[in-house]
Every structure is written in C-alpha cells, then in structure tokens.
**Q** 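Below you will find the structure I want to go over with you.
Chain A is the first sequence line, chain B the second, and so forth, proteins listed ahead of strands; every chain is numbered from 1.
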There are 2 protein chains.
Amino acid sequence: MTASARYHHGHLREALADAAVEAVREHGPDGLAVRDLARRVGVSHNAAYRHFADRDALVDVVAERAMAGLMGAMERRLAAVEAAEADDPVDPVHRARRRLSEVGAGYVDFAVAEPGLFRLLFTAYPEVPDKDLGKGTEVGDPFTVLNLALDDLVAVGYLDPVVREGAEITCWSAVHGFAVLNVEGPLRGLAAADREAALQALLAHIDGALGTRPGGGPRRGRRG
Amino acid sequence: MTASARYHHGHLREALADAAVEAVREHGPDGLAVRDLARRVGVSHNAAYRHFADRDALVDVVAERAMAGLMGAMERRLAAVEAAEADDPVDPVHRARRRLSEVGAGYVDFAVAEPGLFRLLFTAYPEVPDKDLGKGTEVGDPFTVLNLALDDLVAVGYLDPVVREGAEITCWSAVHGFAVLNVEGPLRGLAAADREAALQALLAHIDGALGTRPGGGPRRGRRG
DNA sequence: GGCTCATGTGGACGCTGTCAACATTTAGCC
DNA sequence: GGCTAAATGTTGACAGCGTCCACATGAGCC
C-alpha cells in the first residue's frame, strides 16, 4: 500500500462501490451521485469512469450487494428456526409452514432495516424469466427460495397442488407489497410493534390461503 | 381567449399541471422537469414558480390526479358488476366476494394502464393514519373502499371477524405488491394474458384466505 | 391616467452526468 | 536499467436540472 499516496488510488473500484452502498443506505437510490462518490473517496470527478461505464453500472453493483443482503436476511431467519428445531423437532407440516413464514419475515426484515438498498434493488431488479430462476445470480435468488418453500408445503401435504399454481406470485406480491407500503408507501412511519403485528397477520392469512381445508376439495372458485 | 397571445398566458397553472401529468405518463416520475414543462407550455423557465412553490408542489398535483384515476378504475369495475347484477341478482355472499375481487382488479388495472402515474402516486402517497381514512381526500380513498368491501364480507358472514383483523393490510399488500412487481419490478414485461392469469390466481388465494371453512372455527395459528 | 400587484422574463449559482484532451503512474519488454 | 504502451487519474467543457434574485410587463383599480 501507500504506494504514492496521491494520484493512483489502488482500490478505487472497491472504494467507490463501498461509498455508493453507503450513499444509498443513507439517502436512498437518488443519493447515489457519481461526483459525490468521487468527492467522498478523495478523487477527482470522472475518475470513476475508469472503473464504471456510467452511473447505471454503479447502481448495478449496489443492487448486487443489496440482493446479497436480502438473501442474507432470509437465510438468517431460516438458519434460526433450523437451530431451534434441532433441540425439539416438530412435525414436517408445521416445519414447512414455519419456513415459509420465515422467508417472508426475512424479506421484510431487510426492507425495513435497509430501506435505501431495498428500494434501489427493485428499480434494478433483473426481469424474472418464465420459470428458470436462479441461474445467473451467484448469491442465490429470493424467488427460488420462495419456490422451494412452497414445493415443500406441497410435499408435506399441506398445500394442494392446484392451489400451488401461482402461489409463488401471490406470496411474493403480498410480502413485497407489505414491504413497499411500509418502506416508501402510506404505511411508512408505522410503529415497529404495529408493523410486526400486521406482518404476522399477513403471514397467517397467507398460511390460511394455502392450507388445505378439512371441509372440501380444492376450491378455486374464482368468479361466477 | 387570445388576450395577448404572448406574455400573460392566462391558464398557466392548469396548462402546467396538464403538461406535468402528460410528462409523468410518458416518462415516469423522473420525467417531470419544471424547465421542460415550461418549454412545452411555451413559457420561460421560472414562470412555473409563480404558481407552484417548487417541483414537489407540481408532483403533489399530479399525485392528486393519479389518485383520482386510481379511484376511477376501481369504481368503474364496481359499477360494471353492479350493472351486471341488476339483470340477474346473485346471493349476497357471492356478491361481496366478487366486489372485493373487482376492487383489487381495478387497482391493478390502473397500475398497468398508467404505470408512470401509479409509480409517482406511491412516492407521494399521504401517510395513512391509524384508522380515520378518507377524511381529507376529496376524491375518496382506495383504502376506504377496500375496508368497506371487507366489512361487507363480514356482514354477509363470509369473513370471520377474527380473520378480518389486519385483512385490509394483507389485501392491500398483496394487490399493491402485484402491481409494483408488474409495473417496475421483476414481473414487468409479463405477457398480458399471463399477468391476468396470475392476478386471478392471486385474487382466488385472497378469497380463500378470507373465506370461512366449513371444517372448523377460525384458525389463526400463526406460529409455535 | 397613474399606482399596485400579479405574472412572466432573463440571468446566475451550484448541482448533476458525461465526453474529450491531457498528465502521470505502472507494467511489460528488451 | 531504460523505453514504451497501457492503465489510471485530472482538468475542462457542455448541457440539463432546480431554485433564487432582479427586472419587465400587463391587468385591474382608484
């Protein structure tokens, strides 16, 4: 290091990426300004353009980190239940239901903890192709995690295969909508306790929507 | 009109508002540039500042119109079923379930038809206070419409009062999340038919989540 | 007719992203 | 070790943005 303190920076690319993440965390997606990053890192404006094609390239890098953070939050939740279940095992159905809830809760965890990164992520999220997810992303795909949880619910017999159709979109929509409404929508400013209660209610509703009823076969009566 | 073709515009405020709406429709929230509006209307930059305190004030006006559009889309849906039911009446439960679905579908209708306005609306949406909604907004509040539909479901005996708790947030989250994912999220670019199918599945899931089961009393086993 | 106030204009400042030209430092090669 | 080429950082410029200020113009009122 210290090889020529000025001029050649050495780790400019990483430094810029770090600064970009910090800027977005502090001031949201619009807080990412190339010139400002250069200023923070102590380098001239335009230096960034030796490492990133344009602002969008910087956004992509931040989005990648945000995606990793989102995945981390979800996996942390899953790992926690896994650890808890090691002590006293529960029946597979309960376990599968629980895991789906935790996936959703982890998603919201991240959104609330890192609103800036979360918002940026969904202005730069890759389009999800018809079925083949999780192919490119090194870090894993939340959508894939969700699908696995749902498949599990089918496997243990809790979720009717007919109801399974489209359930991934329903679950994602519900949890994502909840996150968005709480982060940048009309539900922002909700007290933490109220938010938690509302989230638990939402997860219970989803659980109820997917659960097989003792009463009758798969109902899917959509309209008249 | 034509009173002094140049200089005094006469309807500058309305003209700017109209141009702002058009700009957002065409290029999204970021497409709203004060200077650009002035140019479009044929007036000098800065003229807008005689009628709007700042850019945000212009955003608020567009948000108001967007809200009206959203409400319109929902009410149009409701009016349509109302008309259809005039010919052959259905039982109250079916009717109430149908109305909830239409509310959600109208919401998505607007989001898909006017992505720019929809996106802007939810960066400037008023915070929803604990319970007393629909007080200020002249045009009505989507949240209130949703709550009425849910109360109706309780009244006709389809929705258990216990499950009713938090249902407004669950429904709003699900539909809003679906809209967001389709408008600016990873589900953008979904074919119209696929989107419609996914939406119907989502509405069916919600209907299933809220519906009373013949099997047992209100289950709300959330965890543990 | 003259005064006042609302409304529109022109110029400026600082911010942004991006391009082009220039400087310097590092690395490769003899 | 020294020369050259590529990588990296700097400076300057341009256009666009929001916003403030001073000024010009027009409309309405007395």
Side-chain angles (χ1 to χ4, degrees), chain A residues 1-64 116-117 119-120 123-124, chain B residues 1-64 116-117 119-120 123-124:
Chain A
M1 74 216 61
T2 181
S4 73
R6 86 180 91 254
Y7 223 99
H8 268 53
H9 185 285
H11 311 311
L12 222 200
R13 186 185 170 89
E14 305 161 39
L16 285 171
D18 291 347
V21 170
E22 207 51 36
V24 173
R25 288 183 62 182
E26 288 173 11
H27 303 109
D30 292 345
L32 196 165
V34 181
R35 294 177 100 108
D36 183 54
L37 297 182
R39 222 173 292 130
R40 290 199 197 198
V41 173
V43 93
S44 175
H45 76 271
N46 244 340
Y49 287 87
R50 298 294 163 186
H51 300 273
F52 302 94
D54 51 11
R55 184 181 178 281
D56 275 355
L58 228 8
V59 170
D60 287 344
V61 170
V62 177
E64 218 166 290
L117 294 177
R119 285 171 53 197
L120 180 138
T123 65
Chain B
M1 70 206 64
T2 179
S4 77
R6 90 182 87 252
Y7 225 97
H8 269 54
H9 184 284
H11 311 314
L12 222 200
R13 187 185 169 89
E14 303 162 39
L16 285 171
D18 291 347
V21 170
E22 206 53 35
V24 173
R25 290 183 61 182
E26 288 173 12
H27 303 108
D30 291 343
L32 196 166
V34 180
R35 294 177 100 110
D36 183 54
L37 297 182
R39 222 174 291 128
R40 291 200 198 197
V41 173
V43 94
S44 174
H45 76 272
N46 243 339
Y49 287 86
R50 298 294 162 184
H51 300 273
F52 301 94
D54 51 11
R55 184 182 178 278
D56 275 355
L58 229 7
V59 170
D60 287 344
V61 170
V62 177
E64 217 167 292
L117 294 178
R119 285 172 52 199
L120 179 137
T123 65

**Q** Could you tell me the separation between the NE2 atom of A/H11 and the P atom of D/dT8, rounded to a whole number of Å?
**A** 13 Å
**Q** Rounded to the nearest 0.5 Å, what separates atom NE2 in A/H11 from atom NE2 in A/H51?
**A** 11.5 Å
**Q** Check the distance between D/dG18's P and B/L37's CG and give it to me in whole angstrom.
**A** 8 Å
**Q** Send over the distance from B/D54 CG to D/dC20 P, rounded to a whole Å.
**A** 8 Å
**Q** For a side chain to side chain contact (heavy atoms under 4.5 Å, CB included) with B/V21, tell me which candidate from B/L117, B/V61, B/L16 qualifies.
**A** B/L117
**Q** Closest heavy-atom contact between A/A19 and A/R40?
**A** O-NH1, 4.5 Å
**Q** Could you identify which residues of residues 45-52 of chain B place a heavy atom less than 4.0 Å from some atom of DNA chain C, listed by residue number, or say none?
**A** B/H45, B/N46, B/A47, B/R50, B/H51
**Q** For the side chain of A/R35, starting at C-beta, report the closest nucleotide among D/dT10, C/dG10, D/dA13.
**A** D/dA13
**Q** Whole angstroms only, please: what is the CZ-P distance between A/R40 and C/dT16?
**A** 11 Å
**Q** Which whole-number value in Å describes the distance from B/R39 CZ to D/dG18 C1'?
**A** 13 Å
**Q** B/L16 CG to D/dG18 P: how many Å, rounded?
**A** 12 Å
**Q** Please report the closest heavy-atom contact between A/A47 and A/L12, naming both atoms and the distance.
**A** CB-CD1, 4.0 Å
**Q** Are A/D60 and A/F52 packed together at the side-chain level, in the sense that at least one heavy-atom pair is separated by less than 4.5 angstrom?
**A** no
**Q** Just checking B/L32: base, sugar-phosphate only, or nothing, at a heavy-atom cut-off of under 4.0 Å?
**A** sugar-phosphate
**Q** Grab the two heavy atoms, one from B/A38 and one from B/H45, that are nearest each other, plus how far apart they are.
**A** CB-CA, 3.9 Å
**Q** Looking at A/D18, A/L32, A/V43, which one forms a side chain to side chain contact (heavy atoms under 4.5 Å, CB included) with A/L37?
**A** A/L32
**Q** Rounded off to whole Å, could you give me the CG-to-C1' distance for the A/D56 and C/dT18 pair?
**A** 12 Å
**Q** Rounded to the Å, how far apart are A/R55 CZ and C/dC15 C1'?
**A** 14 Å
**Q** Check this for me: does the side-chain of B/R13 come within 3.5 Å of the base of C/dT7 through a donor and an acceptor?
**A** no
